[in-house]
Amino acid sequence: MAFEIIESCVNCWACEPLCPNKAIYEAKPHFLIDPDKCNECAGDFEESQCVSICPIEGAILNELGEALNPPGSLTGIPPAKFAELVARQKAA
Amino acid sequence: MELPVLNNVAPDAGGCSAGSCGSTDDQMGHLPEHIREKVFNHPCYSEEAHHYFARMHVAVAPACNIQCHYCNRKYDCANESRPGVVSELHHPVQAVKKVLAVAATIPQMTVLGIAGPGDPLANPERTFETFRMLSEQAPDIKLCVSTNGLSLPEHVDELTKYNIDHVTITINCVDPEVGAKIYPWIFWKNKRIKGREGAAILIEQQQKGLEMLVARGILVKVNSVLIPGVNDKHLAEVSKIVKAKGAFLHNVMPLISEAEHGTFYGMTGQRGPTNEELQILQDECSGDMNMMRHCRQCRADAVGLLGEDRGDEFTMDKIDAMDINYPEAMKMRAEVHAAINEELESKRIARENKVQLVSIEGLKVNKPETRPVLMAIATKGGGIINEHFGHASEFLIYEASSIGVRFIGHRKTVAYCEGGDTCGDDESALDKSLKALSGCEVVLCSKIGFEPWGPLEAAGIQPNGEYAMEPIEDAILAVYEEMRTNGKLDAKPAEQQKVA
Ligand code: SF4
Ligand code: SF4
């Protein structure tokens, strides 16, 4: 049982001090979770702390590789709109 | 017709020529003495001081505990100049090194702020370590901090320890219904709380924090972002409440919202306010309290005088190569500060004498009431008209009326003339200037080229280069007089053309 931080992490440090198991550490190019230490906050908090504060949709995944904060869930921006912006920026 | 009320926020010389107005036009005139003293040489609060003193921000606080619809943490790009966006993140030790280097090089630097890119109080260890080291090593630097207010109450006592006498709280609403349209979520007591419930907690904490700071004698400024259709009708009430609780200044800033920023507002087509909308709101609120109209929304890691950024001189590798002896630098700084204060004081005295003169003249000539006129000024500072129209990157906007001249605010543009023979070729830049000047009938500058003249006149804005190097208020009064004599004040101004 462990979560994973992936490359969309913006290194904002918000999650790191909250982890009850000190599983999160600064790394290049982005923060990482030590899978041996992370217990998904079971027994410590009702909500997984890193997932609850992370501002970036899709930055933290569960063991199945699913985004714990899926697109649109935090910003309210419709995912299709966001995809449009990303495509435009790639083209530019 | 209602008489326009003179607010006393005019920078530099003679903003107030009405006989009923007090002895000074200093924008701090209405404040109690102990507060005036605190803000006298604070470049963010005193329009006059920001020509002489500088501030800087360091980015030590990356984490945030709320989400605002005008922010996207993903799009933190170096081209940005929105507040809260930073390109270089510092650890406290680096930040202190940078502050000492800047303070030793730019003795005018008197204020250090921590403002982001996240929320300083969501990063209390980093923020307070920076403040602690600076209080010890550079006692001649004032400290200030900006916060969304969520964690403010729990940190107020810590703040008082480090002698932090300026706190800015961003308060966009006092009603959770409005708040739910601005803040999608907050992180509170180990949970993410969405919607109205989250907004209600945030509002409660902001108000509590404001009260606690005031009770401890810490100066509080309130910033609000004006979001048309969301909180525009609501901000006058915000202004009333925060003033009643003791905030000494309320600064209304326009929403900056572009699709490229990737923010909720940007992506959903929420527009920012027009210059007119911003001004109307600032006028509405200024009856209630002193508004800061010269805020240029400097970026969070800016270095230099307001509206200026010398950050490139102080990158970490350049700082590492510098050898700073701060105790020595502090002596030099004290001398520079003393000289500036002397100059400010003598200017103040000269101005008081002048205001009295104008008041007497104003009483003598009982002029009929005429309509107010907006005028734009191109200036490099110092209270005189000394900037070429094409070089201006911003205009100061004043309103002249039958009872005097008052400062309205700044409007940004881009300098379209970089010198040389390309001057005036860039259509879009001139368009931008025209847009910035909307509502103005006159633009005063030290010089103006041939190209912009026609488009300006066509847009109903009279260019005027006749008052080069003259004091701003004197020139405005003279032009207003001219307009009166020419009968231009009798009728309503010609409908201005829409400038795309
Ligand atoms: S889920 Fe909990 S234990 Fe796992 S990394 Fe996040 S905060 Fe730490
Ligand atoms: S909160 Fe999210 S974006 Fe910030 S460091 Fe942690 S994983 Fe990265």
Side-chain angles (χ1 to χ4, degrees), chain A residues 5-21 24 26 28-31 40-60 67-92, chain B residues 59-77 79 84-86 88-91 116-120 122-127 150-151 180-195 198 258-270:
Chain A
I5 295 175
I6 61 164
E7 70 280 355
S8 48
C9 162
V10 296
N11 300 307
C12 79
W13 286 88
C15 55
E16 188 261 357
L18 294 173
C19 177
N21 298 311
I24 304 172
E26 187 186 8
K28 291 270 150 31
H30 58 78
F31 278 72
E40 303 182 5
C41 290
D44 292 301
F45 295 101
E46 242 173 86
E47 294 181 4
S48 306
Q49 293 301 287
C50 55
V51 177
S52 292
I53 201 167
C54 181
I56 304 299
E57 294 162 350
I60 306 179
L68 290 156
N69 292 308
S73 64
L74 301 182
T75 56
I77 300 169
K81 280 222 158 167
F82 214 82
E84 253 172 59
L85 174 75
V86 173
R88 246 203 334 269
Q89 283 177 341
K90 277 206 180 119
Chain B
V60 297
C64 199
N65 48 11
I66 70 171
Q67 175 72 51
C68 306
H69 271 327
Y70 45 77
C71 173
N72 183 334
R73 299 305 306 274
K74 221 170 181 160
Y75 286 77
D76 173 331
C77 98
N79 295 321
V85 175
V86 196
E88 197 184 22
L89 186 69
H90 296 304
H91 289 269
D119 187 82
N123 302 257
E125 292 84 12
R126 287 188 198 81
T127 297
L150 182 61
S151 311
K181 293 183 201 149
I182 303 171
Y183 308 105
W185 58 265
I186 69 166
F187 182 79
W188 178 247
K189 295 205 193 298
N190 301 99
K191 283 183 178 160
R192 194 183 320 256
I193 300 177
K194 297 190 176 179
E258 305 282 344
E260 304 83 76
H261 298 158
T263 63
F264 175 83
Y265 285 150
M267 309 274 317
T268 54
Q270 168 67 51

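As a basis for the values below, the full set of heavy atoms in this structure was taken, side chains included, without hydrogen atoms, waters or symmetry mates. Letters go in sequence order (proteins before strands), and every chain restarts at 1.
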Note to self: Please classify the contact of B:Cys68 with chain A as side chain, backbone, both or neither, using a heavy-atom distance under 4.5 Å.
What the structure shows: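 Contact with chain A is absent: no heavy atom of B:Cys68 under 4.5 Å.
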Check: So which part of B:Ala122 gets closer than 4.5 Å to some heavy atom of chain A, the side chain, the backbone, both or neither?
Finding: neither
Notebook entry, point to check: Between CG of A:Asn69 and CH2 of B:Trp185, what distance do you get to the nearest 0.5 Å?
Noted result: 8.5 Å
Notebook entry, point to check: If you measure from CZ on B:Phe187 to SG on A:Cys15, what distance do you get to the nearest 0.5 Å?
Noted result: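 If we round to the nearest 0.5 Å, B:Phe187:CZ and A:Cys15:SG are 10.5 Å apart.
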Margin query: Does any backbone or side-chain atom of A:Asp44 lie under 4.5 Å from a heavy atom of chain B? Answer side chain, backbone, both or neither.
Written below: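 Neither part, no heavy atoms under 4.5 Å.
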Margin query: Counting only non-hydrogen atoms closer than 4.5 Å, does A:Ile56 touch chain B with its backbone (N, CA, C, O), its side chain (CB onward), both, or neither?
Written below: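 For A:Ile56, the contact with chain B is made by the side chain alone.
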Check: Judged by modelled atom types alone, do A:Glu46 and B:Asn190 share a side-chain donor-acceptor pair under 3.5 Å?
Finding: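 Side-chain D/A pair, A:Glu46 to B:Asn190: absent.
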Checklist line | Test item: B:Arg192 side-chain N/O and A:Gln49 main-chain N/O as donor-acceptor pair under 3.5 Å | finding: no
Notebook entry, point to check: Is a side-chain N or O of B:Lys194 found less than 3.5 angstrom from the main chain of A:Ser73, in a donor-acceptor match?
Noted result: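 Judged by distance alone, yes, a pair lies under 3.5 Å.
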Item checked: Minimum heavy-atom distance between A:Ile77 and B:Gly262, given as atom pair plus value ->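 Closest heavy-atom pair between A:Ile77 and B:Gly262: CD1-O, 3.4 Å.
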Next item on the list: Can you see which heavy atom on B:Cys64 is nearest to which on A:Ala14, and at what distance?
Entry: O-CB, 4.3 Å
Note to self: Using side-chain heavy atoms (C-beta onward) and a distance below 4.5 Å, is A:Trp13 in contact with B:Arg126?
What the structure shows: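 Touching, per the 4.5 Å side-chain cut-off.
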